[in-house]
Amino acid sequence: MKPRLKPDSWECRLASPIDWRAMLSCWYGLDQYSLEIDTYCRRLQESPDSAKHCWLAINQHIIDGVAWLMPHSPSLFHCWPVRSRFESRTRTHLACTVNLWKSVSAYLASLNVNQCQALISTSALDDLTTMESLGFKRVAMIHRMRVNVHQCSNPVKNRSIHLVRVVGENWHEFQSCFRSTMVNSLDVPELNEIHSGEQLGSQYLDPSLMKYLISNEIHQMAGVAVLETDETNGVLRYLGIVPECRKQGLATQALQILIEQLKSLSCETVEVRMDARNLPACRLYNRTGFVHLDDEELLIAT
């Protein structure tokens, strides 16, 4: 396919609510009047901020490309695969996405964002190729795992820890403990080398997230955990133990308590992601009953 447009022929701008239906159609590759798009539009109406940083490439009033971003912290953004309505790996697709990403990069620079990351299934070869063409580099393989809360291992009977819910007054204590858990962490150390603990921890400011301090039997802050839930499913966003309390079985106990907490909230499954190089964490989740779902590539652009 020959490119019908020059690389500078697109108008690139942030999306607005009137763009949502066509934007979703382009991003998912679906008819914009389909029932699936109706469902996605309703979800956006319920959470409009999720499209606050979505960029569009437009020509002749047609949305040709979409770059969907979400802030993790003031200096770190997440980007879903940049897509166009053109056939993948064609010159037109490349011209559209490159042109769009130039505008996105300038936008991120204006916000003082120094890094953008993407998490893409290893089976999504076209998306991986597109993101690499935009300058994203593969840095880690991420395991995605899930457990049915009714089928996981039996809870720990003799507990030496308890979880303290984080609210406004102990947020700074959470931040301090979170920074400690990052020391010698095996989960994507490439991120830890670039971002401070405050920057990485700020991604958990969202009040809808369930945040906990993990206290051991001598009331020492031994770690932190972060949960996210919807009506039936939970996601363990983070579980970390400070260096001096590792290899004492505290992560195992914390994981069991967190699963019980989600079970009490009527969640049926719990999902987790981890760096494939973090073998102790992989063994922990395997012992608890988590099963492997798929692998994802973590890509970073600076």
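Nothing fancy with the numbering, it's 1 onward along the sequence.
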*Contacts of type side chain to side chain donor-acceptor pair (under 3.5 Å), residue R13, not counting sequence neighbours*: D19

_Nearest non-hydrogen partners of A225 and F174, listed with the distance_ = O-CE1, 4.2 Å

*Go through the structure and list residues passing side-chain contact (heavy atoms from CB on, under 4.5 Å) with A301, not counting sequence neighbours.*
F136

*Contacts of type salt bridge (Lys or Arg N to Asp or Glu O under 4.0 Å), residue D206, not counting sequence neighbours*: none

*Please state whether the rings of W80 and H78 are parallel, tilted or perpendicular, taking 30° and 60° as the class boundaries.*
perpendicular

*asked:* Does any part of the side chain of V147, heavy atoms only, come nearer than 4.5 Å to the side chain of V291, both counted from C-beta?
replied: no

_Close side-chain approach of N170 and L213, heavy atoms under 4.5 Å_ = yes

_Sequence-distant partners of Y40, side chain to side chain donor-acceptor pair (under 3.5 Å), two or more places apart_ = none

*Is it possible for you to say whether I120 and L125 belong to one hydrophobic cluster, with membership spreading through side-chain heavy-atom contacts below 4.5 Å?*
yes

*Shared ILVMFWY cluster between I161 and M210, side chains joined below 4.5 angstrom?*
yes

*Minimum-distance pair of heavy atoms, taken over all atoms of M141 and T122*: SD-CG2, 3.6 Å

*CG on L236 to CE on M145, rounded to 0.5 Å*: 12.0 Å

*Side-chain donor-acceptor contact under 3.5 Å, T92 with T90*: no

*Could you grab the distance from atom CD of Q45 to atom CZ of R43, nearest 0.5 Å is fine?*
12.5 Å

*Minimum heavy-atom separation for N99 to C12, with atom names?*
ND2-SG, 3.5 Å

*asked:* Please evaluate residues Q253 and S160 with respect to the criterion side-chain hydrogen bond (donor to acceptor under 3.5 Å, both in side chains), reporting the C-alpha separation (whole Å), side-chain torsions for both, the decisive distance (0.1 Å), and the verdict.
replied: CA-CA 8 Å; Q253 295 182 50; S160 59; 3.1 Å; yes

_Among residues at least two apart in sequence or on other chains, which ones pass side-chain contact (heavy atoms from CB on, under 4.5 Å) with P280?_
L186, N278, R283

*Linking I/L/V/M/F/W/Y whenever any side-chain heavy atoms sit under 4.5 Å apart, do L44 and I63 land together?*
yes

*Decide, yes or no, whether a salt bridge links D38 with R21 under the criterion of side-chain N to carboxylate O below 4.0 Å.*
yes

*N184 CG: over 12 foreign heavy atoms closer than 6.0 Å*: no

_Derivation of the side-chain hydrogen bond (donor to acceptor under 3.5 Å, both in side chains) call for H93 and S84_ = CA-CA 6 Å; H93 167 78; S84 80; 2.7 Å; yes

*Taking the side chain as C-beta and beyond, is there a heavy-atom pair between V104 and L69 under 4.5 Å?*
yes

*Could you check whether the rings of Y204 and F178 sit parallel, tilted or perpendicular, using 30° and 60° as the cut-offs?*
perpendicular

*Working to the nearest 0.5 Å, report the span between CG of D230 and CD of E228.*
8.0 Å

*Report yes or no: does D275 contribute a side-chain atom to a donor-acceptor pair with the main-chain N or O of V188 at less than 3.5 Å?*
yes

_Test: side-chain hydrogen bond (donor to acceptor under 3.5 Å, both in side chains). Region: residues 48-58. Which pairs qualify, not counting sequence neighbours?_
H53-Y107

*Return the set of residues passing side chain to side chain donor-acceptor pair (under 3.5 Å) with T269 (not counting sequence neighbours), or none when no residue passes.*
N233

_Euclidean distance, M221 CE relative to I214 CD1, rounded to 0.5 Å_ = 9.5 Å

*Please name all residues satisfying salt bridge (Lys or Arg N to Asp or Glu O under 4.0 Å) with D127, sequence neighbours left out, ordered by chain then number.*
R83

*asked:* Strictly by salt bridge (Lys or Arg N to Asp or Glu O under 4.0 Å), give each pair with a member in residues 133-152 just once, sequence neighbours left out.
replied: E132-R138, R138-E297, R144-E271, R144-D294, R146-E271

*Would you give the length of the straight line joining atom CH2 of W10 to atom CD of Q60, rounded to the nearest 0.5 angstrom?*
11.0 Å

*Can you list every ring-ring contact (aromatic ring centres under 6.0 Å, His included) pair that touches residues 244-282, not counting sequence neighbours?*
none

*Could you pull out all residues at least two apart from V242 that satisfy side-chain contact (heavy atoms from CB on, under 4.5 Å)?*
C177, S180, T181, E244, C245

*Shortest non-hydrogen contact from A67 to L100?*
N-CD2, 3.6 Å

*Are L265 and L258 linked, directly or through other ILVMFWY residues, by side chains that come within less than 4.5 angstrom of each other?*
yes

_Heavy atoms from other residues, nucleotides or ligands near NE2 of H172 exceed 12 (cutoff 6.0 Å)_ = no

_Residues which pass side chain to side chain donor-acceptor pair (under 3.5 Å) with S34, listed by chain and number, not counting sequence neighbours_ = E36

*Provide the closest heavy-atom pair for V113 versus P74 in the form atom of the first, atom of the second, distance.*
CG2-O, 3.6 Å

*Is the side chain of S176 donor-acceptor paired with the backbone N or O of E173 at a distance under 3.5 Å, no angle test?*
no

_Hydrophobic cluster membership, M23 vs W27, 4.5 Å side-chain cutoff_ = yes

*What closest approach, in Å, do L239 and Y285 show between heavy atoms, and which atom pair accounts for it?*
CD2-OH, 4.0 Å

*Between the side chains of Q256 and T288, does any donor sit under 3.5 Å from an acceptor?*
no

_Rounded to the nearest 0.5 Å, what separates atom SG in C79 from atom CD in Q115?_
13.0 Å

